[in-house]
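Presented below is the structure to which this report refers.
Protein chains get the first letters and strands the later ones, always in sequence-line order, with residue 1 at the start of each.
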Amino acid sequence: GVLAHLELLEAQAREAAVKQEEREQQEEKLARLKARVQELRLQRDELRAKVDLQQKGQPGKEGAASNPAQPTARAVIEWKIRSIKAMLQVFYLTGISGKLTKQGVCFCISTAYEGTYLDSYYLDLLTKPEVQIYRHSVPVFIPLQQIAKKYLQTDIRRFLSVLSDHLNAYVGRRHQADQLQEHFSDQIEGTLQRNSLCNLLVFNYNVSSTSKTFPFNVRLLYGDLCCSLPTEVTVSCTPDAPASLAETAAAHSDLFRRVGLHKAFRSFSGAAGSVA
Amino acid sequence: MDETVAEYIRRTVLKIPRDEIKTMLQKWGFLSEAQLQTINFHQIKDNISQDVVQLCEENSADIKQAAELDIIYNHIYPNKRVWSVYQMNKTGEETDFFDLTEFKKKFKRQLRSALKNVTINFREYEDNAIWIRIAWGTPYRKPNQYKTSYVVYHSQTPYVFISASVLKSNLPLLCQALVVASNYCDIREMELRSHSLNSLKDIVFKRYSQNFQTYYPRPLEERNVAPENEDLRIIQENRNEKERIQRVNQQIFGDGPQPKLEFAQYKLETMFKSDPKMDVLDKKEPFRCLVKFSSPHLLESLKSLAPAGMADAPLSPLLTCIPQKARNYFKIREKKGVFPGSFVSP
């Protein structure tokens, strides 16, 4: 009786709702397809116009080129590529450049010392769930973990800046020691004692005075890892050296503190013969 | 000159390939150029070594000088030994001003305080590598020059490369001396071993080519040039897939040469997963199994697997993580958690 009637009405209502949904979906689809057709028609018209333009341009090739004030698309793209490359080059030359990766950022720290470009070091960082170093090519004797612990989470600019200072100072010290060994090996007696960080150098070198040569021993300690000049310099000579050499030792000590090693040695050879 | 020293020098010279003997003796610098001129280096090695011993007799060589020659030989041919990598730890954060003379003094003092009968030699090289040769004796016997350990240490790094001799019992003494001399707190052995010392250095010092993404254009390489004798009648049906494999391979392995390892070993302690109906194992115990990959150059062969069509790209991370994790010995246990599978123990 009533329940059966109710069921019937329910079923009818359901059917009607389904039909309505179907109808709505159809209409939506229709609208989408119509819009698509419009799009394609527009595209077709554009392409037709292009083809016409090209065909018209063909026979007139030897004649006047297309409006000189309107550069060809190809020239525009070439110019864009050149300027982007130049921009990237500029960024690279500033020393710190980066590129977004799928998981974060990859930084490149390029080092230099007094106009000579030296090594580049890379840091691949993840940004989620927190900033961390995924992999890197920083030498193992640079205190990367210490610097990261201090700054990586809180101030990434400071992190990069401090790391860049460490790396630049390291390559600067290494460059000075290498230059010394390469260009002034004749003035150095025995071996140059150095270490991986180049923060302690000990060696003997010859100083000539009154046509005799005396060995000086120098110990350079670079207390500040972000600096490429030594913080402590000890220059000593043998006990039998004349007293005047003590002054020279002091002068050299002062020079080493202020100026790069190879420059200091260059000034020695320049001033050779002027030592009393 | 001591009989044993003479015999030791003779045997060391015999190890050297004939064409290299003269250069190595020159590097050694113990015999003068004039003395070297008197040796005929084209005769058989037996005779060459006798001549060398004769000249060393004239110069009264002692064991320290003979040991120098041994270090030089091992430095030029390090791949004849198996090297293990050890890692040191320190708690303080002060800058280390590594003083070589201090290091040598402390090392010798520490080692000799534990064992008097040792021969210790040091030799430094241009790349800041310090080579240490130790010949071991016992409290009652002089050092046996044929039972030597070699240590290679780069200052201000936490890594030490050790090629131990058969006397494993002396290893703790050696480790203790290293820790004290280099101002570290403790030392542990890493799961990284190989014949190629330079490759081990490349891995831990991160000198191998990791493919970092940068904007800066790298110098053009020639790998994309098509071979000249490409036959136009052959059509590459799978070009897209081949290119994808190349790309993925390059991302994982980088462009440069791979560090040279001879094997990778995986010790599995995972459950054997089989059809329950087959009931292969009654007990629910981990199935112990050892998988060992051997190759003259393991990483290069892994790199060429996918391009050769023998494996899918990308390869399993268990294989490709070797340089980055700096290990080639792994223990794989069952992962305790929601996801079935296995994880690599740290």
Side-chain angles (χ1 to χ4, degrees), chain A residues 84-85 87-89 91-93 97-108 110 120-124 134-147 149-150 166 170 174 177-178 181 191-202 219-226 231-232, chain B residues 85 87-104 122-130 152-161 182-183 200-219 251-252 254 256 320-321 323-326:
Chain A
I84 289 181
K85 276 192 178 164
M87 183 74 76
L88 292 173
Q89 175 84 344
F91 273 114
Y92 171 74
L93 291 174
S97 54
K99 179 175 186 204
L100 288 174
T101 61
K102 262 188 284 193
Q103 322 113 300
V105 191
C106 184
F107 285 105
C108 170
S110 314
S120 293
Y121 302 99
Y122 299 90
L123 277 158
D124 214 344
Y134 173 51
R135 48 179 196 162
H136 65 87
S137 68
V138 174
V140 69
F141 40 79
I142 300 280
L144 177 64
Q145 294 305 329
Q146 279 179 39
I147 304 172
K149 205 159 60 164
K150 268 200 213 153
H166 271 86
Y170 156 65
R174 189 189 66 191
D178 288 345
Q181 282 183 297
T191 51
L192 174 75
Q193 182 191 312
R194 50 198 279 184
N195 56 27
S196 299
L197 268 171
C198 290
N199 64 354
L200 177 64
L201 295 177
V202 182
R219 184 188 157 96
L220 301 159
L221 190 101
Y222 298 77
D224 183 1
L225 283 185
C226 292
T231 49
E232 269 177 51
Chain B
V85 190
Q87 187 175 17
M88 298 191 285
N89 261 332
K90 70 158 103 183
T91 47
E93 289 194 351
E94 327 86 47
T95 322
D96 180 23
F97 300 98
F98 182 86
D99 188 333
L100 184 63
T101 351
E102 278 300 305
F103 173 80
K104 294 202 270 199
F122 297 91
R123 198 171 164 93
E124 301 84 52
Y125 286 92
E126 282 293 303
D127 55 348
N128 294 310
I130 304 164
V152 178
Y153 179 58
H154 286 249
S155 52
Q156 294 156 325
T157 67
Y159 299 106
V160 189
F161 306 90
S182 57
N183 291 322
L200 292 175
K201 287 190 195 184
D202 284 347
I203 292 176
V204 293
F205 295 151
K206 306 216 182 289
R207 301 192 304 207
Y208 61 97
S209 78
Q210 310 176 66
N211 214 25
F212 291 105
Q213 300 184 48
T214 64
Y215 283 123
Y216 190 63
R218 279 172 297 191
Q251 267 170 23
I252 297 178
T320 55
C321 71
Q324 208 204 323
K325 285 208 152 66

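Heavy atoms only, all atoms of each residue included: Gln193(A) and Thr101(B) are closest at OE1-OG1, 3.4 Å. Summarising the geometry of Ser196(A) relative to Asn128(B), their closest heavy-atom pair is CA-ND2, 3.6 Å, with the distance given to 0.1 Å. Smallest separation of non-hydrogen atoms from Val140(A) and Phe205(B): CG1-CD2, 3.5 Å.
Counting heavy atoms from C-beta on, the side chains of Ser137(A) and Phe212(B) come closer than 4.5 Å. Taking 4.5 Å as the limit, some side-chain heavy atom of Arg219(A) sits within range of a side-chain heavy atom of Asp99(B).
No part of Asp127(B) comes within reach of chain A, as not one of its non-hydrogen atoms sits under 4.5 angstrom from that chain. With a 4.5 angstrom heavy-atom cutoff, Tyr222(A) touches chain B only via backbone atoms. Heavy-atom distances place the side chain of Gln324(B), and not its backbone, under 4.5 Å from chain A. Neither the backbone nor the side chain of Ser97(A) comes within contact range of chain B; no heavy atom of the residue lies under 4.5 Å from a heavy atom of that chain. Neither the backbone nor the side chain of Tyr121(A) comes within contact range of chain B; no heavy atom of the residue lies under 4.5 Å from a heavy atom of that chain. In this structure, the portion of Leu221(A) lying under 4.5 Å from any heavy atom of chain B is its side chain and not its backbone. Only the side chain of Tyr159(B) comes within less than 4.5 Å of a heavy atom in chain A; its backbone stays farther off.
Gln156(B) contributes a side-chain N or O that, together with a main-chain N or O of Leu197(A), makes up a donor-acceptor pair within less than 3.5 Å.
Expressed to the nearest 0.5 Å, how far CG of Asp224(A) lies from OG1 of Thr95(B) amounts to 8.5 Å. Distance check: Thr157(B) OG1 to Ile142(A) CD1 gives 12.5 Å after rounding to the nearest 0.5 Å. If you take CG on Leu220(A) and CZ on Phe97(B), they are separated by 12.5 Å, rounding to the nearest 0.5 Å. Expressed to the nearest 0.5 Å, how far CD of Glu126(B) lies from CD of Gln181(A) amounts to 5.5 Å.
Ion pairing of Lys150(A) with Glu93(B) is absent here, as no side-chain N (NZ or NE/NH1/NH2) approaches a carboxylate O to less than 4.0 Å.
Contact count versus chain B (heavy atoms, under 4.5 Å) is highest, among Thr191(A), Asn199(A), Leu200(A), Val138(A), for Asn199(A).
In this structure, Tyr134(A) places its OH atom where only 12 or fewer heavy-atom neighbours from other residues, nucleotides or ligands lie under 6.0 Å away.
Here Phe122(B) pairs with Phe107(B) under the ring pair (Phe, Tyr, Trp, His ring centres under 6.0 Å) rule; sequence neighbours left out.
Among residues at least two apart or in separate chains, salt bridge (Lys or Arg N to Asp or Glu O under 4.0 Å) pairs with a member in residues 191-202 of chain A are Asp178(A)-Arg194(A).
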